[in-house]
Amino acid sequence: MLFFLIIVLLFLGILLYIFVEYQQSLKNSQNGSSLQHENIKFNGVRNKSGKINILLLGIDARGKEKSRADTIMIAQYDPEAKKFKIASIMRDSYVYIPGHGKNKINAAHAYGGPELLRKTIKNNFDIDIEYFILVDFKGFTKAIDKAFPEGIEINVDRCTLKS
């Protein structure tokens, strides 16, 4: 039961973090983040079924260097059924990246940002992505601090650490 509660809290924290980071990016794209939102190209494509697909990306950008995507998830909202779904794509999935041949899917972000990753997902999984949210380490830290300013207390009955 405790494990389930922790997983639910982490999932809710991640969703809240994504929302907060998105709101911050709308206010000021240079607010302590290494991301420069105004320079990101993305040509989202609406899903023919009417469902809304959002590409959720967590990157390890440090300064202006190009980075791979550490976290690649697709959140889907079905407005007709009023249901959410979320799926994660393993970052080491070996796929065809348009214009770059075969490589791990997370390399698509380093080669061409969210737009090339969107094309790669469409090419390999036939999923149309309409929007994206991009978060780096600094944004994640800020979102967790805002979501849980007093921290989270977790009681652990037993813990075994192995080296």
Side-chain angles (χ1 to χ4, degrees), residues 3-25 29 33-144 147 161-163:
F3 178 74
F4 178 74
L5 180 62
I6 291 170
I7 297 298
V8 168
L9 284 174
L10 285 174
F11 180 73
L12 291 173
I14 289 169
L15 288 178
L16 182 61
Y17 137 71
I18 289 168
F19 175 77
V20 169
E21 182 63 21
Y22 178 72
Q23 293 299 319
Q24 287 288 45
S25 71
S29 66
S33 175
S34 61
L35 301 176
Q36 295 187 14
H37 300 284
E38 67 273 3
N39 297 330
I40 298 175
K41 178 182 174 187
F42 192 79
N43 299 316
V45 176
R46 188 169 193 89
N47 188 322
K48 293 177 183 83
S49 69
K51 296 174 184 173
I52 301 167
N53 291 325
I54 305 166
L55 182 60
L56 309 174
L57 299 173
I59 61 168
D60 64 352
R62 291 173 179 88
K64 295 186 181 201
E65 71 181 36
K66 292 185 178 185
S67 64
R68 293 176 178 237
D70 287 332
T71 303
I72 304 169
M73 300 175 86
I74 300 172
Q76 182 183 76
Y77 177 65
D78 183 347
E80 188 174 307
K82 296 185 180 356
K83 291 187 178 183
F84 287 95
K85 293 181 183 178
I86 192 163
S88 179
I89 298 175
M90 293 184 293
R91 67 184 185 169
D92 291 335
S93 299
Y94 196 65
V95 298
Y96 174 77
I97 300 173
H100 297 277
K102 291 193 171 190
N103 203 332
K104 294 178 183 179
I105 193 166
N106 68 342
H109 185 269
Y111 292 146
E115 175 61 13
L116 183 57
L117 193 48
R118 180 195 66 78
K119 288 178 182 177
T120 301
I121 291 170
K122 175 63 177 174
N123 186 288
N124 290 276
F125 304 108
D126 197 29
I127 299 173
D128 290 317
I129 306 289
E130 190 170 358
Y131 303 105
F132 80 100
I133 298 173
L134 185 64
V135 181
D136 63 357
F137 287 131
K138 290 179 184 177
F140 182 76
T141 302
K142 287 180 183 180
I144 295 301
L161 299 175
K162 295 181 181 181
S163 56

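If you're wondering where the values come from, they're calculated on a predicted model, not measured in any experiment.
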Is [Y] close to [X] at the side-chain level, that is, under 4.5 Å between some pair of heavy atoms?
| X | Y | value |
| --- | --- | --- |
| Leu134 | Phe132 | yes |
| Ile72 | Leu57 | yes |
| Leu55 | Ile74 | yes |

For the student: nearest non-hydrogen atoms of Pro98 and Leu116, plus distance =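 Closest approach of Pro98 to Leu116, heavy atoms only: O-CD1, 3.6 Å.
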
message = Please find the pair of heavy atoms, one from Leu117 and one from Ala108, that lie closest to each other, and give the distance.
response =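 Looking at all heavy atoms of both residues, the closest pair is CD1-CB, 3.8 Å.
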
key: Contacts of type side-chain hydrogen bond (donor to acceptor under 3.5 Å, both in side chains), residue Thr71, not counting sequence neighbours   =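 Scan of Thr71 (side-chain hydrogen bond (donor to acceptor under 3.5 Å, both in side chains), adjacent residues dropped) gives none.
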
task = For Asp128, enumerate each residue passing the side-chain contact (heavy atoms from CB on, under 4.5 Å) test, keeping only those at least two apart in sequence or located in another chain.
result =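 For Asp128, the residues satisfying side-chain contact (heavy atoms from CB on, under 4.5 Å) (neighbours in sequence not counted) are Val45, Lys48, Lys122.
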
query = Taking only residues two or more places apart in sequence or in another chain, which ones pass side-chain contact (heavy atoms from CB on, under 4.5 Å) with Phe125?
reply =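 Partners of Phe125 by the side-chain contact (heavy atoms from CB on, under 4.5 Å) criterion, ordered by chain and then number, come out as Ile89, Val95, Ile105, Ile121, Ile127.
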
key: Pairs satisfying side-chain hydrogen bond (donor to acceptor under 3.5 Å, both in side chains), at least one member in residues 89-107, at least two apart   =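 Residue pairs passing side-chain hydrogen bond (donor to acceptor under 3.5 Å, both in side chains), neighbours aside: Arg68-Asn106, Asp70-Arg91, Asn103-Tyr111.
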
task = Could you list all the side-chain hydrogen bond (donor to acceptor under 3.5 Å, both in side chains) pairs where at least one residue sits in residues 73-87, not counting sequence neighbours?
result =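 Counting only pairs at least two positions apart or across chains, the side-chain hydrogen bond (donor to acceptor under 3.5 Å, both in side chains) contacts touching residues 73-87 are Asn53-Gln76.
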
ask   = Can you tell me how far OH of Tyr131 sits from CG of Leu56, rounded to the nearest 0.5 angstrom?
value =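 It is 14.0 Å, given to the nearest 0.5 Å.
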
ask   = Rounded to the nearest 0.5 Å, how far apart are CD1 of Ile129 and CZ of Arg118?
value =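 Spacing of CD1 (Ile129) from CZ (Arg118) equals 8.5 Å.
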
query = Quick one: does Asn124's side chain have a donor or acceptor within less than 3.5 Å of a partner on Thr120's backbone?
reply =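 Side chain of Asn124 to backbone of Thr120, a donor-acceptor pair under 3.5 Å: yes, one is there.
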
